[in-house]
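One structure is given here, and the rest of the page talks about it.
Just the heavy atoms: all of them, side chains too, but no hydrogens, waters or symmetry mates, feed the values below.
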Amino acid sequence: QVQLVESGGGLVQAGGSLRLSCAASGFIFNKNDMGWYRQGPGKQRELVATITDGGSANYADSVKGRFTIARDNAKNTVSLEMNSLEPEDTAVYYCQAKGPTYYNPTDYREYWGQGAQVTVSS
């Protein structure tokens with residue numbers, strides 16, 4: 001089975017913190033580039049952070065210095081630690097993986113989780 005499952009979303013007050021986690025199944029995880037994206041109300045989906053198979057991280061300017069992406073290859077998970085949250089961070093957050101999978105080890109297509117709601121109140 002190939003899937004991505006996000007967890008850890010919820011409602012927090014401005015200035016608070018949340019940690020999202022994405023559990024990956026069926027991927028050759030240490031060869032996957034991973035990412036977090038989000039889509040706020042009335043907005044297009046946007047990149048939040050990425051981390052390569054080698055562990056190099058990049059962030060959108062809007063979250064740089066506040067969010068941290070990390071991966072645990074032993075657990076096949078990628079996390080997003082979100083600090084100093086603001087109402088503008090309210091969105092559905094999606095976990096993304098680029099192959100390969102065990103079922104198609106040469107396939108580098110994109111896969112997406114179902115999303116986790118993050119709501120930040122003023």
Side-chain angles (χ1 to χ4, degrees):
Q1 186 176 22
V2 177
Q3 65 177 4
L4 301 167
V5 181
E6 301 96 337
S7 62
L11 173 65
V12 298
Q13 294 182 339
S17 299
L18 280 176
R19 181 178 288 106
L20 300 179
S21 183
C22 173
S25 300
F27 294 90
I28 307 177
F29 193 74
N30 63 356
K31 295 184 178 180
N32 298 136
D33 291 344
M34 305 293 297
W36 287 97
Y37 293 74
R38 68 186 182 186
Q39 186 169 19
K43 299 180 179 179
Q44 293 184 333
R45 184 181 63 186
E46 64 178 354
L47 171 70
V48 177
T50 61
I51 186 165
T52 69
D53 57 347
S56 298
N58 285 280
Y59 301 90
D61 289 341
S62 59
V63 306
K64 190 174 299 182
R66 299 189 297 122
F67 291 11
T68 301
I69 187 172
R71 65 191 299 155
D72 187 338
N73 289 347
K75 297 181 179 179
N76 290 353
T77 60
V78 60
S79 65
L80 184 69
E81 182 180 356
M82 303 180 291
N83 299 313
S84 301
L85 284 162
E86 301 173 353
E88 291 75 18
D89 296 315
T90 295
V92 177
Y93 285 71
Y94 296 93
C95 178
Q96 183 220 48
K98 293 183 179 180
T101 69
Y102 282 105
Y103 309 98
N104 295 287
T106 61
D107 185 4
Y108 284 82
R109 73 182 71 180
E110 297 179 353
Y111 295 84
W112 297 90
Q114 290 293 305
Q117 178 68 50
V118 172
T119 302
V120 184
S121 62
S122 300

Got a second to check how far [X]'s [atom1] is from [Y]'s [atom2], nearest 0.5 Å?
X   : Y   : atom1 : atom2 : value
R71 : N76 : CZ    : CG    : 9.0 Å
L80 : C22 : CG    : SG    : 10.5 Å
Q39 : E46 : CD    : CD    : 9.5 Å
L47 : Y94 : CG    : OH    : 15.0 Å
W36 : I51 : CH2   : CD1   : 12.0 Å

Does any non-hydrogen side-chain atom of [Y] lie less than 4.5 Å from one of [X]?
X    : Y    : answer
L4   : F27  : yes
F67  : L85  : yes
K75  : S21  : no
M82  : V120 : no
Y108 : D33  : no
K98  : N32  : no

Side-chain heavy atoms under 4.5 angstrom apart, residues restricted to Ile, Leu, Val, Met, Phe, Trp, Tyr: same cluster for [X] and [Y]?
X    : Y   : answer
V92  : M34 : no
V118 : V63 : yes
W112 : V48 : no

Mind listing the closest non-hydrogen atom pair of [X] and [Y] along with its distance?
X   : Y    : result
L20 : A116 : CD2-CB, 4.4 Å
S84 : R66  : O-NH1, 3.0 Å
P87 : S122 : CG-OG, 3.5 Å
G26 : V2   : O-CG2, 4.2 Å

Side-chain donor/acceptor of [X] to backbone N/O of [Y], under 3.5 Å:
X    : Y    : result
D89  : E86  : yes
Y59  : I69  : yes
D107 : R109 : yes
E6   : C95  : yes

>> Would you say E81 and S79 are linked by a side-chain donor-acceptor pair, where the criterion is simply a distance under 3.5 Å?
In response: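 On atom types as modelled, these side chains do not qualify, holding no pair under 3.5 Å.
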> In terms of heavy-atom contacts, does CD of E110 have more than 12 from other residues, nucleotides or ligands at under 6.0 Å?
Replying inline: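 Yes.
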> Does atom CD of Q114 have more than 12 heavy-atom neighbours from other groups under 6.0 Å away?
Replying inline: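 Incorrect, the count does not exceed 12.
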> For Q3, which residues count as a side-chain hydrogen bond (donor to acceptor under 3.5 Å, both in side chains) partner, sequence neighbours excluded?
Replying inline: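 side-chain hydrogen bond (donor to acceptor under 3.5 Å, both in side chains) list for Q3, sorted by chain: Q1.
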> Partners of S17 by side-chain hydrogen bond (donor to acceptor under 3.5 Å, both in side chains), sequence neighbours excluded?
Replying inline: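 side-chain hydrogen bond (donor to acceptor under 3.5 Å, both in side chains) list for S17, sorted by chain: N83.
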>> Go through it in stages, so that I can follow the logic: the residues are L11 and Q117, the test is side chain to side chain contact (heavy atoms under 4.5 Å, CB included), and I'd like the CA-CA distance, side-chain angles, deciding distance and then a yes or no.
In response: CA-CA 8 Å; L11 173 65; Q117 178 68 50; over 6 Å; no
